[in-house]
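All of these numbers come straight from a predicted model, not from anything done at the bench.
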Amino acid sequence: RVPLTPANAARLVKAGYRVTVERFDKRCFADEEYEKVGCELVESQSWPNAPYSAIVFGLKELPENDDALVHRHIYFAHCYKNQFGWRGIMDKFRRGQGMLWDLEFLTDDQGRRVAAFGRAAGLMGMAVGLLQWAVRNAKPAGSLGALKPWKTLESAATEVGDKVRAAAANNGGKLPSVLVLGALGRCGRGAVEFAKMCGIEKIVEYDMAETQGGYLKELLDVDVLVNCVYLSAQHKVDPFLTKQMILDAPAHQLSVVSDVSCDYTNPNNPLPFYTEGTTMDNPILTVDELKLDIVAIDHLPTLIPSTASEEYSDALLPAVEELLDTDTPSPIWERAEKLFHDKAKEAASSADK
């Protein structure tokens, strides 16, 4: 995936900005597509040597090392909700006197995120959950192997739908039932959308009204559970489902949990019955004691990289143009910068205790 597509990079180049792109042969848009619109290509992982004035723009976490960060960065750092290792990340910025505009916390005046991969994450969270249900209910039963990206959303829905229907034929024609937590958000709407694209008939939608108080035993009464609840830094929730609740219902129907939110390192994790993530190469964590298969991949939009990148880049571009227009202050970026400094102080304060 990319935060800036060639089409949108072209707009910045045309406006007079210098856009430098690292070479990478696994990106959904080829190097040549960026070069064709006027971007300068440089070697992969050369960003630490960029001029101090450069803004380093990416998506996922930086390499795990102890190098101080001297630049202004835009990416998803995953360090503002007390996640594991967050103080170390903030300390790298402190030592290098760099700065972070975290993509997760770029918000408009109403507090809504200006851009998010939520819909794509929800779409693919449901896709992988349904795929695992299909493999589990095939004859012979199995487990999902390494995942490969689809070229389009439509090709994903066709493949998943066909496999679900084939598995249902071995189950008296009964399609799986699904329940989506956080169904009214971008991510949840994406999950519901994909289930409908695959012909799923029983789709239960839960949002804030249905999850108040936690401890939702009815989550055990569906085949596939997809968690799309977004936890803010201040968001404290009671667990929706615990290990003991699952053990107390040995005949439960639930067989697959697709945890799109992937908050297993968060102290307020609403699904505290697993403690490790899964990957594209090994997408399933099977917990035999609980009779559950768990999907916990934190970069699901990668499965439809072009679609996800185009949606995200189009939504983010106006904010990027605001940032680069230094003549006009941008509340979006000012809020993100203030949040960074607040979190840096919090990290320093807690480290001193």
Side-chain angles (χ1 to χ4, degrees), residues 122 124-145 160-183 188 191-192 194-196 198-229 237-264 268-278 282-297:
M124 292 299 97
M126 181 62 75
V128 181
L130 289 175
L131 271 180
Q132 176 57 19
W133 180 90
V135 172
R136 183 174 174 134
N137 287 274
K139 290 187 178 179
S143 189
L144 199 56
V160 174
D162 287 348
K163 290 184 176 180
V164 166
R165 285 185 288 274
N170 299 324
N171 192 30
K174 184 180 178 183
L175 293 168
S177 56
V178 303
L179 190 150
V180 178
L181 293 165
V192 171
F194 195 86
K196 291 179 178 178
C198 293
I200 302 302
E201 296 168 352
K202 184 177 179 181
I203 305 171
V204 182
E205 301 180 34
Y206 271 26
D207 208 78
M208 292 182 66
E210 294 82 9
T211 56
Q212 293 294 325
Y215 303 99
L216 308 171
K217 292 182 180 179
E218 62 270 32
L219 302 187
L220 294 167
D221 299 331
V222 295
D223 296 297
V224 178
L225 173 65
V226 181
N227 178 37
C228 298
V229 172
V237 296
D238 291 314
F240 298 151
L241 194 61
T242 66
K243 179 179 179 179
Q244 192 58 53
M245 289 169 65
I246 301 169
L247 291 173
D248 287 344
H252 62 78
Q253 182 178 342
L254 181 65
S255 61
V256 179
V257 175
S258 184
D259 190 3
V260 181
S261 300
C262 269
D263 275 313
Y264 56 88
N268 299 311
N269 177 20
L271 301 176
F273 48 80
Y274 78 101
T275 57
E276 60 185 289
T278 64
N282 296 288
I284 305 301
L285 171 66
T286 298
V287 184
D288 292 326
E289 182 186 16
L290 303 180
K291 302 176 184 176
L292 285 181
D293 293 331
I294 299 170
V295 180
I297 300 171

Do [X] and [Y] come close enough that some side-chain heavy atom pair is under 4.5 Å?
X: Phe240; Y: Val229; result: yes
X: Leu225; Y: Val256; result: no
X: Val180; Y: Met126; result: yes
X: Ile284; Y: Val295; result: yes
X: Val260; Y: Val226; result: yes
X: Phe273; Y: Leu292; result: yes
X: Tyr264; Y: Thr275; result: no
X: Leu216; Y: Tyr206; result: yes

From [X] [atom1] over to [Y] [atom2], what is the distance, rounded to the nearest 0.5 angstrom?
X: Cys198; Y: Lys163; atom1: SG; atom2: NZ; answer: 12.0 Å
X: Trp133; Y: Asp293; atom1: CH2; atom2: CG; answer: 13.0 Å
X: Thr211; Y: Leu181; atom1: OG1; atom2: CG; answer: 7.0 Å
X: Ile294; Y: Thr286; atom1: CD1; atom2: OG1; answer: 8.5 Å
X: Leu254; Y: Lys291; atom1: CG; atom2: NZ; answer: 12.0 Å
X: Asn227; Y: Leu241; atom1: CG; atom2: CG; answer: 10.5 Å

What pairs with Ala166 under side-chain contact (heavy atoms from CB on, under 4.5 Å), at least two apart in sequence or on another chain? none
Tell me whether [X] contacts the main-chain N or O of [Y] through its side chain, where contact means a donor paired with an acceptor under 3.5 Å.
X: His252; Y: Leu290; value: yes
X: Ser258; Y: Gly125; value: yes
X: Asn269; Y: Leu271; value: yes

Residues in side-chain hydrogen bond (donor to acceptor under 3.5 Å, both in side chains) contact with [X], at least two apart in sequence or another chain:
X: Asn282; result: none
X: Gln212; result: none
X: Gln244; result: Asp248

Restricting to non-hydrogen atoms, name the atom on [X] and the atom on [Y] that form the minimum distance, rounded to 0.1 Å.
X: Cys228; Y: Ala191; result: SG-CB, 4.1 Å
X: Val192; Y: Ala183; result: CG2-CB, 4.5 Å
X: Ile203; Y: Ala195; result: CD1-CB, 3.7 Å
X: Pro270; Y: Val237; result: CB-CG2, 3.9 Å

Sequence neighbours left out, what pairs pass salt bridge (charged side-chain N to carboxylate O under 4.0 Å, His left out) with at least one residue falling in residues 208-222? none
Take Tyr274 and Val257, measure what side-chain contact (heavy atoms from CB on, under 4.5 Å) needs, and give me the verdict at the end. CA-CA 11 Å; Tyr274 78 101; Val257 175; 5.9 Å; no
Contacts under 3.5 angstrom, residues 167-177 side chains, donor-acceptor by atom type, not counting sequence neighbours:
residue	atom	partner	partner atom	Å
Ser177	OG	Asp223	N	3.1
Ser177	OG	Asp223	OD2	3.1
Ser177	OG	Gln253	NE2	3.4

